[in-house]
Q: 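My questions all concern the structure below.
Quantities reported herein were computed from a predicted structural model and do not represent experimental measurements. Naming convention: chains lettered A, B, ... in sequence-line order (proteins, then strands); numbering from 1 in each chain.
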Amino acid sequence: MKIATWNVNSIRAREAQLTSFLEKHNPDVVCLQEIKCEESSFPRQILLDLGYHSAVSGQKTYNGVAILSREKPEEVTIGMNKDVENFDDPQARVIAATISGIRVVSAYVPNGQEPGCEKFNYKLSWLKAFREYLKQCLRKNDLVVAGGDYNIAPEDIDVHDPKKWQNKILCTAEERLQFASLLELGLVDTYRELYPDNQQFSWWDYRAGNFQKNAGLRIDFLLATPELFSLCDDCSISMTERSGEKPSDHAPVIAEFAV
DNA sequence: ATGTCTCAGGGACTGAGA
């Protein structure tokens, strides 16, 4: 079973690239982020024609998450408010579904803009709510994968120039502490666990030729429970899509499980 | 490099967000 996560930066602008991705890799499940549209304009039929069901949580212009799957998704839930009290998030950032007995979460963590600002505080409180959400999810399920754009580079190895990025957004100690607390729930960063010393990135700013210079960060992950990770054969970050025409600024992360 | 890309509003370009 092949599971992927990809921030597509608008699903309508990335329709051709998403089609190529699905045809090339033939994943069973894809967690999408930043679909940037309401459910009514989501290309559901195009994906059905390609053999994928869609579970969608969208909104106009910003954010939006989805889960594509070969098998029909079950127990689809949108947002965190069913599991986390006092956190009614108007932004479409979390969706979950059960596919082939695996609880799949697709998450788009807030960017935070700049340390100390209002959006940064929202990011930190969002992450605390998400931790509680995942805790409940792990309580109910043994096989869980939480794919997403976490907008955090967990360690210096995940950053092309750690000195330049020190205390910058995506790299602050506060964000890294929040990410570590997600792993402390009992989740494994599949790519990092398999390749402790590899430096490979999943996001490169469009500006300044950052991709050509490989000036990137690793901020997209497939987090798995130990039960699921024990079935993980491999995890990789695909460069094809980021290298192609009109790319998303994120690369897909793909893992293979013996399920 | 204040560097690029996407969206909405409005009907060309600007601002927000990343």
Side-chain angles (χ1 to χ4, degrees), chain A residues 5-21 30-44 46-47 56-66 89-95 106-127 130 147-154 158-161 163-172 174-176 178-179 201-221 237-253:
Chain A
T5 186
W6 191 17
N7 179 325
V8 287
N9 185 16
S10 168
I11 195 164
R12 288 175 295 173
R14 222 65 64 201
E15 211 169 277
Q17 292 82 349
L18 180 59
T19 300
S20 306
F21 171 75
V30 185
C31 303
L32 296 175
Q33 299 86 36
E34 282 205 271
I35 61 169
K36 290 189 173 179
C37 66
E38 292 177 310
E39 186 169 3
S40 55
S41 44
F42 187 89
R44 189 180 292 276
I46 290 167
L47 291 162
V56 182
S57 173
Q59 68 179 86
K60 201 186 259 193
T61 317
Y62 304 120
N63 312 314
V65 286
D89 191 0
Q91 303 190 19
R93 296 184 175 277
V94 179
I95 191 167
S106 179
Y108 177 47
V109 177
N111 171 280
Q113 196 171 51
E114 191 184 356
C117 73
E118 199 176 313
K119 289 193 181 102
F120 185 74
N121 294 333
Y122 165 65
K123 180 179 193 172
L124 294 181
S125 52
W126 193 96
L127 282 161
F130 189 55
D149 173 0
Y150 283 77
N151 266 321
I152 301 170
D158 301 308
V159 182
H160 72 98
D161 186 344
K163 273 186 188 164
K164 182 180 165 184
W165 279 84
Q166 192 169 28
N167 301 323
K168 297 289 194 298
I169 195 67
L170 316 182
C171 297
T172 66
E174 289 150 293
E175 292 164 277
R176 287 177 169 182
Q178 287 300 320
F179 184 77
F201 308 126
S202 69
W203 170 79
W204 301 258
D205 196 302
Y206 282 123
R207 292 169 287 191
N210 276 354
F211 182 66
Q212 285 68 29
K213 293 183 233 168
N214 196 28
L217 277 67
R218 192 177 70 96
I219 58 177
D220 300 85
F221 315 111
I237 304 174
S238 176
M239 291 297 123
T240 317
E241 293 72 22
R242 188 62 177 84
S243 315
E245 281 193 17
K246 258 192 90 183
S248 164
D249 45 354
H250 292 253
V253 183

Q: Please report the closest heavy-atom contact between A:R93 and A:D89, naming both atoms and the distance.
A: CD-OD2, 4.0 Å

Q: Heavy atoms from C-beta onward define the side chain here; which of B:dA18, B:dA8, B:dT6 lies closest to that of A:R12?
A: B:dA8

Q: Return the value, rounded to whole Å, for the distance between atom CG of A:D249 and atom P of B:dG17.
A: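 Spelled out: CG on A:D249 to P on B:dG17 is 17 Å.
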
Q: Mind calculating the distance between NE2 (A:H250) and P (B:dT6) to the nearest angstrom?
A: 13 Å

Q: Considering only heavy atoms from C-beta outward, does the side chain of A:P252 approach that of A:I237 to under 4.5 Å?
A: no

Q: Can you check the distance between B:dG10 and B:dA16, where both ends of the measurement are the P atom (answer in whole Å)?
A: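 Going atom to atom, P in each nucleotide, I get 15 Å.
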
Q: What is the distance, rounded to the nearest whole Å, between atom OH of A:Y206 and atom C1' of B:dC7?
A: 13 Å

Q: Just N and O in the side chain of A:K119: are any of them under 4.0 Å from OP1 or OP2 of B:dG17?
A: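 True: A:K119 side-chain N/O within range (under 4.0 Å) of B:dG17 OP1/OP2.
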
Q: In this structure, how many angstroms lie between the C1' atom of B:dC7 and the CD atom of A:E15, rounded?
A: 16 Å

Q: In this structure, which one of A:I35, A:V30, A:V94, A:I95 forms a side chain to side chain contact (heavy atoms under 4.5 Å, CB included) with A:S106?
A: A:I95

Q: With nearest nucleotides of DNA chain B determined for A:P110 and A:T61 from heavy-atom distances, which residue corresponds to the more 5′ nucleotide?
A: A:T61

Q: CD1 of A:I11 versus P of B:dT6: gap in Å, rounded?
A: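 Going from CD1 in A:I11 over to P in B:dT6 covers 14 Å.
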
Q: What interatomic distance, in whole Å, is found between P of B:dT2 and the corresponding atom of B:dC7?
A: 25 Å

Q: At less than 4.0 Å, is any side-chain N or O atom of A:R207 found next to OP1 or OP2 of B:dA18? Yes or no.
A: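 So the side chain of A:R207 is outside the cut-off, no N or O lying under 4.0 Å from OP1 or OP2 of B:dA18.
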
Q: Contact class for A:F211 (heavy atom, under 4.0 Å): base, sugar-phosphate, or nothing?
A: nothing

Q: Taking B:dG3 as the reference, what is the distance to B:dA8 when you measure between their P atoms (whole Å, please)?
A: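 Approximately 22 Å lies between the P atom of B:dA8 and that of B:dG3.
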
Q: Can you measure A:D149 atom CG to B:dG17 atom P for me and round it to whole angstrom units?
A: 17 Å

Q: Between A:W203 and A:D220, is there a side-chain donor-acceptor contact under 3.5 Å, judged purely by atom types and distance?
A: no

Q: Taking C-beta and beyond as the side chain, do A:I219 and A:F201 meet within less than 4.5 Å on heavy atoms?
A: no

Q: For the side chain of A:Y62, starting at C-beta, report the closest nucleotide among B:dT6, B:dA16, B:dA8.
A: B:dA16

Q: What distance, rounded to whole Å, do you find between the two P atoms, one in B:dG11 and one in B:dG15?
A: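 My reading of the P atoms in B:dG11 and B:dG15 gives 15 Å.
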
Q: Closest nucleotide of DNA chain B for A:G112 versus for A:I35: which of these residues is on the 5' side?
A: A:I35

Q: Round to the nearest Å and state the distance from A:Y122 atom OH to B:dA16 atom P.
A: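 Nearest whole value for this atom pair: 19 Å.
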
Q: Can you check the distance between B:dA12 and B:dG17, where both ends of the measurement are the P atom (answer in whole Å)?
A: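 It works out to 25 Å between them.
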
Q: Considering only side-chain heavy atoms of A:N111, which listed nucleotide, B:dA8, B:dC5, B:dA18, is closest?
A: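 Nearest nucleotide to the side chain: B:dA18.
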
Q: When the P atoms of B:dC13 and B:dA1 are compared, how many Å lie between them, rounded to an integer?
A: 29 Å

Q: Can you tell me the distance, in whole Å, between the CG atom of A:D205 and the P atom of B:dA18?
A: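 Distance, rounded to whole Å: 13 Å.
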
Q: Hey, does the side chain of A:K213 come within less than 4.0 Å of B:dA1's phosphate (OP1/OP2), counting only N and O?
A: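 Result: no.
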
Q: Mind checking whether A:F211 and A:W204 have parallel, tilted or perpendicular rings, split at 30° and 60°?
A: perpendicular

